[in-house]
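Heads up: the structure comes next, in structure tokens.
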Amino acid sequence: MSSDPRILVVAHDDAVVGPLCQGLDALGWRTVTARSLAAALTVLMDWPLEAIILDARIADTEAGVEALRLAVAPRRLPVMAIGSEATTWVGNQADLIMSAPPHPAQAALRLEALVRSAIAEEEVALRETTFTARGEPLKPVDIDDTPLRVLAAGKADRHFLALSNALEAHGCEVVAAPTPYTAFDYLHERAFDAAVLWGAEDHAPALSIASGMKRNTRLYHIPAVLYLRGSAEINLAELYNRGFADVAAADTPEDETADRIVALARAHRRHVAIRKSLESARGSGLTDPNTGLFTPELFASHLARVAEGARLRRRPLSVAVLRVTETEAVREARQGGWLDRALPQVGTMVSRLIRTEDTAARLAPDVFALALPATRGPAGRIAADRIAAVIGCTAFEAGPDKTPFVVEFECGVAEVQPGESPAAVLERASHDINAAR
């Protein structure tokens with residue numbers, strides 16, 4: 001675990017955020033506290049911090065937050081404001097407002113989402129530059145302006161109905177699904193921006209839906225929110241580890257829970273729009289025609305730009321290489337041409353499973369590479385292994401009267417070191433595959 005702090009906390013005292021900071025420190029999100037906005041500016045010069053937690057009682061918030069953000073440009077710095085005072089703010093002083101300090105596990109997950117969104121915005125600008133430089137500008141990011149669509153899954157309850165009403169008051173289109181079966185029917189038939197799962201007396205149905213979403217490449221990134229009946233019924237940290245984007249206790253005001261769901265849904269919709277903008281490059285001739293992934297040449301050009309961006313923003317950068325494992329089943333599928341038929345689908349699955357800010361390339365018919373911004377080497381390996389595991393759950397046709405085969409990957413990961421060229425780190429990631437055999 002790195003000894004450097006990740007989160008800047010700006011607070012006059014520990015009355016509001018003290019216990020939250022202790023919990024975040026225990027989870028690996030180490031914090032450093034500044035007692036004034038002026039002190040916060042000094043701290044930002046010392047460490048490449050990822051986000052700010054702001055006690056809403058701080059005075060001169062609007063000008064102060066803007067100064068903090070300008071101090072770290074071109075790195076984007078998300079802000080989480082905590083306190084009832086922040087609920088009356090207008091403008092963009094904060095990216096997320098919570099009336100009371102959240103559970104540390106919840107705060108960690110929301111901070112992760114805020115940081116990844118900031119990194120995604122940085123990556124969009126880099127990709128626009130890459131494609132423009134090669135004569136194929138990307139289409140503008142066109143965000144769907146229709147009402148947000150939220151799936152509400154679970155048996156009706158007065159709290160759940162109140163939350164649905166609060167979401168509708170935000171202009172959301174809420175679709176009710178009383179059982180996991182109807183929930184999955186809706187998820188496969190329609191596009192949703194978020195899913196709210198009602199815990200009720202038994203959490204099993206909600207956990208089943210969330211697990212099913214995480215095993216599906218199309219549903220993987222839809223934020224799932226668990227709405228509990230009480231605040232102490234279940235280990236919250238365990239729930240976040242299961243993939244929930246947020247967890248709300250029943251005693252949380254419905255309006256605040258609705259605000260959090262709407263924020264997640266809007267972020268998801270923007271990410272979908274960004275992905276569509278990037279996918280528009282498929283017909284440009286710069287990407288692999290079968291998968292839409294970057295070609296080796298385009299990847300090399302963009303990786304150099306990403307590496308320079310990481311240096312300017314003082315962020316880490318890792319590269320992963322995934323090579324199809326030559327199992328007996330794969331060898332047989334290769335001989336019959338069935339592997340060649342499956343690989344475009346595999347590449348498409350890779351493109352769906354990566355985060356918005358990640359870049360995937362097809363280096364060879366059965367070799368894929370990932371550029372993972374703001375990611376340390378160990379986290380990069382987890383991401384690569386996760387993608388390999390999800391794809392490994394899919395069976396591909398092997399021909400008439402033959403058992404379908406699965407595709408497994410050997411993964412290699414390397415983190416860019418100071419002064420290291422993109423070509424060198426890509427080579428190290430490839431060698432890491434062989435070293436692990």
Side-chain angles (χ1 to χ4, degrees), residues 73-76 116-143 270-323 343-375 380 383-384 387 412-416 419-430:
R75 175 158 41 96
R76 293 174 181 260
R116 299 322 306 189
S117 293
I119 296 165
E121 297 291 344
E122 296 170 0
E123 175 63 18
V124 168
L126 292 174
R127 292 193 202 181
E128 288 174 343
T129 303
T130 293
F131 279 90
T132 300
R134 298 176 74 89
E136 293 287 348
L138 293 175
K139 290 183 179 179
V141 176
D142 184 15
I143 302 176
R270 175 158 181 79
H271 289 177
V272 169
I274 291 172
R275 284 177 180 270
K276 287 181 178 179
S277 175
L278 298 173
E279 288 172 357
S280 69
R282 285 194 175 195
S284 65
L286 299 179
T287 58
D288 179 70
N290 294 319
T291 62
L293 301 179
F294 280 37
T295 61
E297 297 78 13
L298 183 62
F299 184 70
S301 171
H302 186 62
L303 183 59
R305 186 166 281 109
V306 173
E308 177 61 15
R311 185 188 66 79
L312 290 173
R313 294 173 175 84
R314 300 166 70 189
R315 296 194 190 275
L317 170 65
S318 292
V319 173
V321 175
L322 293 79
R323 184 172 65 196
L343 285 173
Q345 184 179 347
V346 171
T348 300
M349 294 174 74
V350 170
S351 71
R352 289 177 177 173
L353 289 169
I354 60 173
R355 301 165 300 189
T356 306
E357 66 271 20
D358 299 335
T359 301
R362 191 179 188 185
L363 302 185
D366 56 358
V367 179
F368 303 90
L370 308 174
L372 307 168
T375 304
I387 291 171
V413 179
E415 182 179 338
V416 177
E420 186 176 28
S421 70
V425 73
L426 186 59
E427 184 176 356
R428 278 203 301 119
S430 298

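Side-chain contact check for R270 and T356: no donor-acceptor pair (N or O, by modelled atom type) lies under 3.5 Å.
Considering only heavy atoms from C-beta on, V306 comes within 4.5 Å of L317 through its side chain. Contact check for V346 versus F368: side-chain heavy atoms found under the 4.5 Å cut-off. You'll find the side chain of R323 stays beyond 4.5 Å of the side chain of S430, heavy atoms only.
Under a 3.5 Å cut-off, the side chain of S318 and the backbone N or O of T375 do form a donor-acceptor pair. Under a 3.5 Å cut-off, the side chain of T291 and the backbone N or O of P344 do not form any donor-acceptor pair. Side-chain N or O atoms of R75 include one that pairs as donor or acceptor with a backbone N or O of R313 at under 3.5 Å.
Taking R305 as the reference, L126, T129, T130, A133, S301 meet the side-chain contact (heavy atoms from CB on, under 4.5 Å) condition, with sequence neighbours excluded. Take F299 and apply the ring pair (Phe, Tyr, Trp, His ring centres under 6.0 Å) test, not counting sequence neighbours, and it matches no residue. Take E357 and apply the salt bridge (Lys or Arg N to Asp or Glu O under 4.0 Å) test, not counting sequence neighbours, and it matches R116, R355. E420 pairs by the salt bridge (Lys or Arg N to Asp or Glu O under 4.0 Å) definition with R428, not counting sequence neighbours. In this view, E415 and R376 satisfy the salt bridge (Lys or Arg N to Asp or Glu O under 4.0 Å) rule, not counting sequence neighbours. Residues forming a salt bridge (Lys or Arg N to Asp or Glu O under 4.0 Å) with E297 (at least two apart in sequence, or on another chain): none.
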Give the C-alpha distance, both sets of side-chain angles, the deciding distance and a yes or no for side-chain contact (heavy atoms from CB on, under 4.5 Å) between L426 and V319.
CA-CA 6 Å; L426 186 59; V319 173; 3.6 Å; yes

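Checking each of I387, L372, L293, T359 against I354 for a side-chain contact (heavy atoms from CB on, under 4.5 Å) leaves exactly one that passes, namely I387.
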